[in-house]
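What you see is a predicted model; the values in this text were computed from it and never measured.
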Amino acid sequence: MPRTRRGTAFSAQLQQQLAAWARRLLNDWAVLTWTADSARVGPVTVTALNWLFLIGISTFGFLTNGHLMWIGVASAAWLVVTIVRASIVMPRRRNTLEAIYSGLQKPAGLPSGTVSRPTTPSKHITSIRWSSSQAIRAAQLSVGASSASVGAPMRRLIVEKAIEQSVPAPADMEWVFNWTKSNTVEFEAVNGDDPRVAKQLMARKITATLRSLFKITDRNAADGYALDIAEWADETRADGAVVPIPTQLRFAAGSQDLTDPGFRDTLERSFDRSVSCPGEWIYLWNKDEQALEISRAAKGSLEARRKLNERKFADEIRSAITKPGKDPVVAVVETWADDESDQPATIDVDFGTLPLGERRLRDKLEDSLDTSIHTRWPDVRLLFDWKFEGGSTQLAIMSVDHNDVRAKQKSVEKKLRNVVESKFGKASTPVDCDIIEWQEGLSPTGEALPQRARVNFGSIDVNKRETRDEFQDHWDSLTTNNDWAYSWSTADGIVTMTAVPRLPDQLAFPMPGTTAFDEAITLARKGVLRFGPQKGGGWLDWDLNETPHGLVGGKTGQGKSVALSIVLFYAMLLPDVYEVIVCDPKRTDFTWTPEFPSVVHFAATDTRSSTPWREPNGGWMPAKRY
């Protein structure tokens, strides 16, 4: 190519570049001079001074016809200064925006540029206020529209952190952020003591805590999670500083399962530890709207006391369990004693798969809770209703007044259970006692009266008569309000006790001429000796036809002589049926018997015992002799 043509092309290219540079410089000058120079001279910005200069110089020229040369010199000097300033400041600001855009590109989802289509930071970073030639004081960022999750409420902290790192705040100042739209955030540098800074720090702490507790990641942050702090209140700390604290907030929980009581309990306790406040956080789980509502209650208020009592009760239940299961133990107060009380009325406890079928484990837990509730509310008693369904264990607890009949029944059942357990049970052979049915009314001393009870001896052998007699004697001694009828199932190791009317301390033998007397004599003629009513109902009869031999034994004063006297009485009344041999070495109880015709022999000494007895008189022979 000839040199002339090469020179012409170079000259044209140079002219284009100079023209572009001039247009940019003119545009930079216009923008900086009239709108964007926020540098200050005292309290006034440079932009304001430029407008004042323009107005002043124009007014001065209009009012005076002279001094045009000085007006021109001043205008030229001002123009040179502003152009030079624009040529220095505006390129620096563009470089600053480029660096900021590069730092925010990934976290804010901003588009990346190409050679043919370079990025335009000013389209995404707008409404900029500069504090110096290249330091931003306030701006607005529009996050990338290509990523729907960038502006999700639980991801906004990531964008804010990126702005703080990419855009250093002026000295001794902090950034505060305001999301006006889901994809637009305004940020402004304010002094560190500005209340908005403290609010922002608290909001971030709450956001970070909820992200951790709900396991929110960048991938699922856009799945319906959102935090809204509706109300704030200023609180004075111990050091005298006044800080803003949320009083009402709402968290949309996305797709999180809010029906799991273990998750709710764990989250509440963790939030309490992570986000402290003067007073207590109160939690309301709105399962219908899939949200958690948190409010703040004053220390000592009814809501705060109820929360602490419920938490304390749950902790005591957990501490009473010696063998924790894999599932968390959750205790929830369903109702309270009244509208102004912090005393639980009904409590539901879910033990998960924790095996609590053994009576001793349940008794230990109940004793611990009884002690706890009695310490705080002496007149309150707890009733326990255990349910075992599908491998899980639930417990319904109800609090009642100590004078409630159910409380009295529980007291008696516990006492009987402990007595039987201590007397017959061992660690390797536990004994289980249950009250099946209760009598109506109370005893004269105000105790509940069992009607039917059952004792399961487990592996203890109750086939021995001695064991059964020992238990019956012991059980009989536990109450004086009634007697007991015993029904033994020795193969199963179970005995059922039924309360029956108590026998009188003494009862006269039926008088001759009464129906009872005639019935007893009729039975005696048939070989059945009636001794009287027996414990448990019915009559105590000795049928000689089935059991011709008997031995009367017992302790002193328990009626041996009376029983033998009844036998002699029948024999004396019926000499045609019975003949009796009496041996009375003591010579105290039956010395009066020899005169009766039924007594065929009486022995009180060794000699007399060896003497043959007399034969029946009259030569008659009884139809049947016993």
Side-chain angles (χ1 to χ4, degrees), residues 104 107-108 127-129 131 136-143 150-214 216 221 225-253 267-268 270-284 291-299 301 303-304:
L104 296 178
S127 304
I128 303 173
R129 286 192 288 124
S131 62
I136 292 178
R137 185 182 183 87
Q140 176 178 284
L141 171 67
S142 298
V143 300
V150 171
M154 300 308 290
R155 285 200 81 254
R156 291 175 179 176
L157 182 59
I158 299 175
V159 178
E160 294 175 6
K161 291 290 187 182
I163 292 175
E164 290 175 340
Q165 293 177 0
S166 301
V167 190
D172 299 326
M173 303 187 81
E174 300 285 345
W175 290 116
V176 292
F177 299 88
N178 178 32
W179 289 81
T180 58
K181 299 179 182 178
S182 61
N183 65 337
T184 304
V185 57
E186 297 175 349
F187 52 99
E188 178 184 4
V190 299
N191 293 327
D193 57 357
D194 191 293
R196 290 174 292 176
V197 175
K199 283 186 177 182
Q200 182 170 276
L201 290 175
M202 175 60 74
R204 285 184 172 183
K205 186 173 185 179
I206 294 174
T207 299
T209 300
L210 293 174
R211 277 182 62 101
S212 173
L213 296 177
F214 280 89
I216 302 174
Y225 297 101
L227 173 64
D228 177 30
I229 302 179
E231 298 178 9
W232 295 81
D234 291 335
E235 299 288 345
T236 303
R237 297 189 313 202
D239 58 2
V242 178
V243 295
I245 299 293
T247 59
Q248 191 76 35
L249 59 90
R250 188 178 190 276
F251 179 72
L267 185 140
E268 291 178 11
S270 300
F271 192 90
D272 283 347
R273 290 192 297 266
S274 300
V275 185
S276 60
C277 74
E280 292 292 336
W281 294 117
I282 306 300
Y283 303 88
L284 176 61
L292 167 61
E293 299 173 3
I294 306 176
S295 59
R296 184 163 59 88
K299 185 176 182 180
S301 66
E303 287 183 304

Taking all heavy atoms of [X] and all of [Y], pick out the closest pair and write down the distance.
X    : Y    : answer
A297 : A304 : CB-N, 4.3 Å
P244 : P195 : CG-O, 4.0 Å
A108 : L141 : CB-CD2, 4.2 Å

Please tabulate, for side-chain N and O atoms in residues 173-180, each donor-acceptor pair with protein atoms closer than 3.5 Å (sequence neighbours left out).
{"unit_1": "W175", "atom_1": "NE1", "unit_2": "V167", "atom_2": "O", "d": "2.7"}
{"unit_1": "W179", "atom_1": "NE1", "unit_2": "E160", "atom_2": "OE2", "d": "2.9"}

Quick check for you: to the nearest 0.5 Å, what is the distance between [X] atom [atom1] and [Y] atom [atom2]?
X    : Y    : atom1 : atom2 : result
R155 : R211 : CZ    : CZ    : 7.5 Å
I282 : S301 : CD1   : OG    : 6.5 Å
L227 : R204 : CG    : CZ    : 13.0 Å
I128 : Q140 : CD1   : CD    : 10.0 Å
D272 : L267 : CG    : CG    : 9.5 Å
L292 : L213 : CG    : CG    : 10.0 Å

Heavy-atom count check: over 12 atoms from other residues, nucleotides or ligands less than 6.0 Å from R250 CZ? yes

Within a reach of under 6.0 Å around CG of D172, are more than 12 heavy atoms found that belong to other residues, nucleotides or ligands? no

Test side-chain contact (heavy atoms from CB on, under 4.5 Å) applied to A162 - qualifying residues, sequence neighbours left out: L104, P107

[X]: what forms a side-chain hydrogen bond (donor to acceptor under 3.5 Å, both in side chains) with it, not counting sequence neighbours?
X    : value
R296 : E235
R156 : none
E186 : none

Within a strict 4.5 Å, meaning less than it, do heavy atoms of the I216 and L210 side chains meet? no

ring-ring contact (aromatic ring centres under 6.0 Å, His included) involving W281 - partner list, sequence neighbours excluded: F271

Any chance you could lay out the side chain to side chain donor-acceptor pair (under 3.5 Å) test for R273 and S270, step after step, and finish with the verdict? CA-CA 5 Å; R273 290 192 297 266; S270 300; 3.3 Å; yes

Donor-acceptor contact below 3.5 Å, side chain [X] vs main chain [Y]:
X    : Y    : result
K205 : S274 : yes
D194 : R196 : yes
Y225 : M154 : no

